[in-house]
Protein chains: 4
Amino acid sequence: MTQTPAKADRDAELSTAEKQLYEDFNRFGLIPLWTEREDLMPMTPAPQAVPHVWHWDDLYPLAARAGDLIPVGRGGERRAISVSNPGLPGLPYATPTLWAAIQYLGPNEVAPAHRHSQNAFRFVLEGEGVWTVVDSDPVAMRRGDLLLTPGWQFHGHHNPHPKPMAWLDGLDIPFVAATDTGFFEFGEDGVTDRSTPHRSRSERIWGHPGLRPLAATATDTPNSPLAAYRWEHTDAALTAQLEVAAEGHPGVVTEPGHAAVRFSNPTTGGDALTTIRTEMHRIAAGERTAAVRETGSSVWQVFDGTGAITLDGKRTDLVRGDVIAVPSWCEVAIEARTDLDLFRFSDAPIFERLNLARREYS
Amino acid sequence: MTQTPAKADRDAELSTAEKQLYEDFNRFGLIPLWTEREDLMPMTPAPQAVPHVWHWDDLYPLAARAGDLIPVGRGGERRAISVSNPGLPGLPYATPTLWAAIQYLGPNEVAPAHRHSQNAFRFVLEGEGVWTVVDSDPVAMRRGDLLLTPGWQFHGHHNPHPKPMAWLDGLDIPFVAATDTGFFEFGEDGVTDRSTPHRSRSERIWGHPGLRPLAATATDTPNSPLAAYRWEHTDAALTAQLEVAAEGHPGVVTEPGHAAVRFSNPTTGGDALTTIRTEMHRIAAGERTAAVRETGSSVWQVFDGTGAITLDGKRTDLVRGDVIAVPSWCEVAIEARTDLDLFRFSDAPIFERLNLARREYS
Amino acid sequence: MTQTPAKADRDAELSTAEKQLYEDFNRFGLIPLWTEREDLMPMTPAPQAVPHVWHWDDLYPLAARAGDLIPVGRGGERRAISVSNPGLPGLPYATPTLWAAIQYLGPNEVAPAHRHSQNAFRFVLEGEGVWTVVDSDPVAMRRGDLLLTPGWQFHGHHNPHPKPMAWLDGLDIPFVAATDTGFFEFGEDGVTDRSTPHRSRSERIWGHPGLRPLAATATDTPNSPLAAYRWEHTDAALTAQLEVAAEGHPGVVTEPGHAAVRFSNPTTGGDALTTIRTEMHRIAAGERTAAVRETGSSVWQVFDGTGAITLDGKRTDLVRGDVIAVPSWCEVAIEARTDLDLFRFSDAPIFERLNLARREYS
Amino acid sequence: MTQTPAKADRDAELSTAEKQLYEDFNRFGLIPLWTEREDLMPMTPAPQAVPHVWHWDDLYPLAARAGDLIPVGRGGERRAISVSNPGLPGLPYATPTLWAAIQYLGPNEVAPAHRHSQNAFRFVLEGEGVWTVVDSDPVAMRRGDLLLTPGWQFHGHHNPHPKPMAWLDGLDIPFVAATDTGFFEFGEDGVTDRSTPHRSRSERIWGHPGLRPLAATATDTPNSPLAAYRWEHTDAALTAQLEVAAEGHPGVVTEPGHAAVRFSNPTTGGDALTTIRTEMHRIAAGERTAAVRETGSSVWQVFDGTGAITLDGKRTDLVRGDVIAVPSWCEVAIEARTDLDLFRFSDAPIFERLNLARREYS
């Protein structure tokens with residue numbers, strides 16, 4: 001919204017009365033629409049954020065170095081290093097609404113408990129051995145798992161093992177910051193429960209397909225009560241979609257050779273988090289997705305395999321761990337060289353609720 | 001609504017003008033409220049249906065005899081024998097809204113495909129070896145499983161094995177009959193797919209905890225898209241509830257020693273069928289449920305274990321396979337001698353949607 | 001469900017073993033489906049209720065005679081005379097789910113307060129001067145008005161004037177009776193507030209188009225908080241629809257020459273009552289509605305004008321005050337000789353919520 | 001998010017390895033959370049926007065001067081002058097999500113038709129004589145009226161009279177800009193219908209209390225189908241609330257002496273616009289509202305009367321036309337010297353849908 005050459009030209013032509021008018025606008029804290037309309041209300045979304053790819057092979061060593069140098073305790077709270085979209089310089093934002101970071105926890109370290117209105121998840125690219133303790137329920141983290149920490153639930157992490165672990169954190173920090181809706185609170189200095197169960201209580205109660213507990217407390221909740229979505233289930237679901245499609249049954253996959261699931265809230269069938277959509281995609285080797293634009297932004301991470309992504313016409317090769325920011329209305333198409341698994345998160349639930357969602361296939 | 005003695009007395013005292021008035025009401029097809037109010041609008045529900053228990057040990061041999069004598073083909077469609085509530089004589093109704101039957105399919109028999117607006121399920125007390133084919137998807141039936149055939153989906157059954165199999169059928173036939181909302185249509189004479197997969201396509205696509213397919217066809221549906229709820233999952237969910245409660249965590253079970261799950265529609269979190277609630281309960285040996293009354297009726301079947309049920313003060317021993325009809329507002333309490341598993345279905349979703357649901361603990 | 005000739009023939013051919021089987025079914029409280037399927041599950045709805053028309057000119061004099069002979073106090077509660085569908089002999093039911101009656105209140109009479117889970121409304125064909133007091137809010141009754149008494153709200157009526165008044169009562173009594181979900185409670189012997197305001201408090205708070213009070217109590221409610229829908233608004237809405245359509249704007253009327261409004265709950269946009277849909281229709285002189293069948297039943301009352309209704313092919317002339325019962329799946333078409341205004345109520349909200357609604361144009 | 005003194009101090013103490021680490025973060029487009037957490041995730045909302053008041057007596061003369069100097073045609077589209085929050089310098093934003101402007105249309109001028117995904121409304125402080133034409137429906141603008149132009153509906157304005165008119169425009173421009181979800185399209189150069197009806201077609205069809213058209217097109221819509229909420233209704237609703245409360249009935253007003261209505265969508269009972277809540281408040285002379293903080297921001301305009309507003313402890317006198325920006329979590333209390341009517345709009349519907357709404361009374 002800086003002054004464009006066109007505006008400067010126009011300024012030169014202004015009459016004295018007009019100049020005085022613009023000065024008075026300024027004096028009274030006003031801005032005319034007629035000089036701003038094109039910037040404020042473009043014909044199609046014109047994000048400042050740009051498409052960008054970060055490589056896990058760059059991220060992980062930096063996180064490990066931070067592990068040596070930076071303590072993880074109270075204040076900083078988390079050893080998380082966020083990607084910063086080159087179109088949003090100085091801001092730790094993957095997109096205008098989404099925050100994505102690598103978080104690293106060394107052997108025997110503890111990230112102390114806190115809570116915040118921001119919704120959060122962890123997605124595990126590799127490794128295991130850390131437990132995230134969500135409202136006193138210890139949740140094991142293993143490769144391929146999606147772990148939720150919905151807004152205002154206390155959560156800390158602890159690593160009882162001699163090996164470090166790193167993962168992807170996703171939050172709606174930029175959205176909450178832009179709308180001034182965030183609250184934050186410290187919890188206990190450690191984590192409340194250092195036990196290391198294979199399955200969380202949340203999974204034991206809520207992780208059975210189509211089965212809802214009848215306890216009076218098991219009411220509908222805005223965010224999912226299921227704290228962990230395990231890779232074994234996600235993998236099985238994607239595998240089954242491609243197999244059933246291969247057996248000749250229509251309507252099962254997203255498009256030919258492209259299986260996908262959404263992580264959902266079993267109490268409502270809606271998104272697992274109110275502000276963040278989370279999905280896992282599998283594209284069969286040799287297949288290519290239809291090019292598509294959507295309002296709202298997203299972040300992808302390659303979970304496994306190799307391929308390429310084309311963002312507004314620019315093609316980039318993909319390997320395991322790559323993190324990709326996709327701004328609003330950016331045209332996206334993905335090719336799979338090998339079978340290609342990708343995790344995706346986006347802000348789509350916000351705009352679907354507000355009648356602002358649009359999608360267009362090229 | 002037959003004439004009571006009180007009315008007869010009153011009739012005797014009527015003036016000539018009054019008698020003429022009542023005759024004229026009758027002539028014009030009218031009935032006054034003031035003689036009917038107490039019957040029509042009782043202070044609390046006054047069902048004609050009565051609490052009643054049928055024994056599987058009576059039902060099964062009769063079904064087997066029917067298997068020898070009655071063919072299963074087109075016209076009769078099903079070798080199903082329904083319980084008839086003694087309070088609703090001559091009507092094949094378990095309660096005013098629910099139909100419950102034992103269905104029996106002999107070796108190599110086929111129950112031909114049809115569809116109807118009535119919602120239906122099968123619950124398997126014992127045995128296995130039949131496939132129900134729902135909209136061309138073959139669904140294996142095994143002990144402890146709940147199988148859905150939502151309204152207007154074609155379904156037939158076939159038994160490719162040398163042993164007969166019997167199960168419990170539940171439908172909303174009386175509700176649909178009372179409201180004149182039923183449609184029926186014949187399908188192919190046989191079943192469309194005689195394959196015998198271990199898992200249906202529906203389970204392969206929808207049977208993963210918290211995971212929703214992203215295909216454009218995977219929209220919200222009024223009934224569950226998941227055709228089978230397998231005993232292994234139900235059992236695990238009930239076991240986990242009791243274990244987590246035993247570990248000292250509150251809010252997990254329905255009441256102390258009483259675990260329960262509802263079979264739900266993963267697209268909405270609501271009931272698996274629009275008109276029929278389906279649940280599985282486990283009561284730990286020695287425990288007793290709180291006595292409760294609810295509007296609407298239900299049918300229970302003992303899946304395993306022994307105990308007793310007290311219905312409006314009358315106690316009956318329970319053994320495996322017993323089928324129990326519970327009318328509206330009947331007080332129910334259940335005791336478990338051994339660990340006691342019970343399947344339950346009810347018409348609660350109808351009344352919850354209509355603001356007519358009430359529950360009262362004694 | 002009585003024995004048909006076909007069944008009798010079949011019985012004659014039964015083997016001894018078969019006869020014994022049917023006897024044993026009977027002994028154990030069982031009924032086979034294969035002898036009942038056609039009756040239980042017809043191809044299309046086969047209501048026992050029949051189309052029927054009652055005339056206000058018959059109803060009103062009978063109600064007036066009852067006014068002379070029958071007191072209105074506690075016990076009988078109401079001087080209401082219900083229509084009894086000839087297909088449901090002995091039952092005071094207009095259809096299997098709906099109750100319709102003429103209620104008559106003489107000069108200075110009071111119908112004492114009570115409440116019940118059954119939902120109720122009054123529709124005023126003619127006259128004025130009675131107040132219905134709903135949860136202590138006096139609501140004036142005037143020609144053309146629809147007045148609500150949703151389930152479990154106390155209500156009584158009083159007539160402070162020297163002239164009698166009669167109106168149409170509609171309730172879901174048969175539905176609630178069939179499902180055993182009714183509760184009833186007496187209130188005070190009189191009515192709590194004998195004031196006679198022109199507008200009820202409910203209308204003063206809720207009767208402004210598109211405006212919702214912000215008070216903490218103004219939450220969404222299952223039934224409408226608006227106790228009265230006044231004829232002046234209904235008439236204006238119907239008039240406007242026909243005028244706007246006549247000006248050439250599409251999509252405004254239900255079909256050419258046929259304006260209609262639904263009485264709705266301003267907190268949700270849904271039906272004014274959870275179980276009963278209420279509508280007002282205006283058909284321009286000379287127009288004819290498309291013939292249509294719907295699941296569920298309805299009752300119409302001619303508010304003004306003359307015309308004819310054709311029910312399953314049988315045509316009946318209509319004049320002011322006629323009450324018409326339309327069973328499920330009965331084909332309905334209406335012609336207007338003069339401009340014809342009709343009030344309608346139906347059980348459609350029940351079946352729309354349960355996925356049992358169907359409509360078919362001929 | 002500029003570097004704070006605390007950060008500068010810390011930088012001075014960094015080891016060489018740490019300095020290298022931060023440089024490498026920068027090189028790879030990364031930002032650590034531990035230096036940002038406090039800014040990014042404050043304990044309570046810490047908006048950059050500040051409370052501010054603009055005066056209509058400043059705004060109107062500037063708008064009138066613009067009317068003399070600035071043409072209103074294609075390109076600029078509108079002669080709208082927006083307030084710019086002093087905490088968001090250079091941005092034409094009242095708050096981070098809301099845009100508020102005075103728009104001025106001279107005699108015989110036309111603001112050409114366009115449409116955009118941004119939701120918009122007009123609120124008329126004074127004057128009349130302009131028609132806003134929304135999807136071809138001419139809607140008269142008069143003092144006290146709220147006029148809607150929901151997202152993606154074509155709209156233009158024309159003033160067929162010899163007097164100018166000015167009003168308040170409200171839009172969700174900043175929210176849509178921050179989330180890159182906006183689309184814009186030009187319509188015809190003029191407006192499609194220059195007729196000047198007293199009531200729009202939208203009001204004739206939808207503006208009857210509790211009455212919904214039955215036409216097939218009258219489905220539920222995300223934004224209200226009612227284009228105008230007239231002052232006569234708003235005033236009557238506020239008057240009635242205070243009167244009914246004065247008669248001694250509880251639960252009618254928002255708090256003692258404080259009446260308020262929300263402009264709602266009659267198809268759902270929800271907010272009139274998906275992203276913008278609109279309300280009218282009346283505070284009786286001498287009354288004072290309870291101090292309250294809410295997440296999300298709002299803009300008020302004094303419609304009539306005098307009083308004062310206290311924002312985070314700072315008290316400002318209020319007169320007719322004053323426009324007040326209230327940032328998120330700012331404590332607000334209002335006193336009425338005379339009876340005081342205030343229009344308010346806010347972004348609350350966004351946060352209520354996302355589980356981010358909080359309110360706290362002091």
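Small disclaimer: the values here were computed from a predicted structure and weren't measured. Numbered from 1 within each chain, the chains take letters A, B, ... in sequence-line order.
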Whatever's closer than 4.5 Å to a heavy atom in chain C on Glu279(D) counts as side chain

In terms of heavy-atom pairs under 4.5 Å with chain D, the winner among His281(C), Gln241(C), Glu255(C), His249(C) is His249(C)

Q) For residues Arg282(D) and Thr239(D), is any side-chain donor paired with an opposing acceptor at under 3.5 Å? A) yes

Only residue of Phe263(C), Phe303(C), Trp167(C) satisfying ring pair (Phe, Tyr, Trp, His ring centres under 6.0 Å) with Phe123(C) is Phe303(C)

Scored by heavy-atom pairs under 4.5 Å with chain D, the best of Ser264(C), Pro209(C), Gly207(C) is Pro209(C)

Asp193(C) and Pro138(C) have their tightest heavy-atom pair at CG-CG, 3.6 Å

Greatest number of non-hydrogen atom pairs under 4.5 angstrom with chain D, of Thr254(C), Thr217(C), Thr268(C), Ile205(C), falls to Thr268(C)

If one checks every heavy atom of Val252(C) against chain D at 4.5 Å, the contacting part turns out to be both

Counting heavy-atom pairs under 4.5 angstrom with chain D, the leader among Gly210(C), Ala260(C), Ala240(C) is Gly210(C)

Assess, by modelled atom type and distance only, whether the side chains of Thr267(D) and Asn265(D) contain a donor and an acceptor separated by less than 3.5 Å.
yes

Looking only at His258(D), His208(D), Arg230(D), the option with the highest number of non-hydrogen pairs under 4.5 Å against chain C is His208(D)

request  = Carefully, step by step, assess Thr149(C) and Arg122(C) under the rule side-chain hydrogen bond (donor to acceptor under 3.5 Å, both in side chains).
outcome  = CA-CA 8 Å; Thr149(C) 46; Arg122(C) 334 272 152 220; 2.9 Å; yes

Between Ser200(D) and the options Leu226(D), Asp137(D), Leu147(D), the side-chain contact (heavy atoms from CB on, under 4.5 Å) test singles out Asp137(D)

With Phe343(D) as partner, the option from Trp231(D), Phe121(D), Trp300(D) fulfilling ring pair (Phe, Tyr, Trp, His ring centres under 6.0 Å) is Phe121(D)

Counting heavy-atom pairs under 4.5 Å with chain C, the top scorer among Pro266(D), Ala218(D), Ala237(D), Gly251(D) is Ala237(D)

Bottom line for Pro213(C): the part with an atom under 4.5 Å from chain D's heavy atoms is both

ask   = Is a side-chain donor-acceptor pair under 3.5 Å present for Thr278(C) with Tyr229(C)?
value = no

Answer key: most heavy-atom pairs under 4.5 Å with chain C among Glu247(D), Met280(D), Arg199(D), Glu243(D) is Glu247(D)

So, the part of Thr234(D) with a heavy atom under 4.5 Å from chain C: the answer is both

